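Keep in mind that what you see is a predicted model, and the values were worked out from it rather than measured.
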Amino acid sequence: NKLEQAKRLLREVAETNNAMQSNEIFNLAEGQGISRRTLENAKKELGIKARRIGNSWYWDLNKVKPE
């Protein structure tokens with residue numbers, strides 16, 4: 001389902017990035033047909049926190065555990 005697909009996407013991104021701009025993540029998800037709401041739900045389930053750096057929001061991915 002889409003939630004599992006979103007969590008898989010976030011885990012894959014976390015393998016190579018400690019943090020990533022939220023807009024970039026939303027764009028990646030959109031390219032795979034994952035809605036913003038589903039991505040936010042996956043973020044919550046995986047315990048990902050967002051933090052602001054300058055004028056941009058970043059998702060902190062370094063604590064995401066692989067499956």
Please list, one pair per line, the donor and acceptor atoms closer than 3.5 Å that link side chains of residues 17-25 to other protein atoms, with sequence neighbours excluded.
from  : atom 1 : to    : atom 2 : distance (Å)
Asn17 : ND2    : Val13 : O      : 3.1
Gln21 : NE2    : Ser56 : OG     : 2.8
Ser22 : OG     : Trp57 : O      : 3.4

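- Within the 4.5 Å cutoff, the side chain of Leu46 has heavy atoms near those of the Arg11 side chain.
- The nearest pair of heavy atoms linking Val64 to Ala14 is CB-CB, 3.8 Å.
- With Glu40 as the fixed residue, the side chain to side chain contact (heavy atoms under 4.5 Å, CB included) test singles out one of Arg37, Lys43, Lys44: Lys43.
- Taken to the nearest 0.5 Å, the NZ atom of Lys7 stands 12.0 Å off from the OG1 atom of Thr38.
- Ile48 and Leu10 make their closest contact through CD1-CD1, 3.9 Å (heavy atoms, listed as atom of the first residue, atom of the second, distance).
- Atom CZ of Arg8 is separated from atom NZ of Lys2 by 10.0 Å, given to the nearest 0.5 angstrom.
- Tyr58 and Phe26 fall into different hydrophobic clusters, where Ile, Leu, Val, Met, Phe, Trp and Tyr residues are linked whenever their side-chain heavy atoms come under 4.5 Å apart, directly or through other members.
- The main-chain N or O of Leu3 is never found under 3.5 Å from a side-chain atom of Glu45 such that the two would form a donor-acceptor pair.
- Of all heavy-atom pairs between Leu39 and Ile34, the closest is N-CG2, 4.2 Å.
- The environment of CG in Asn1 is crowded: more than 12 heavy-atom neighbours from other residues, nucleotides or ligands sit within 6.0 Å.
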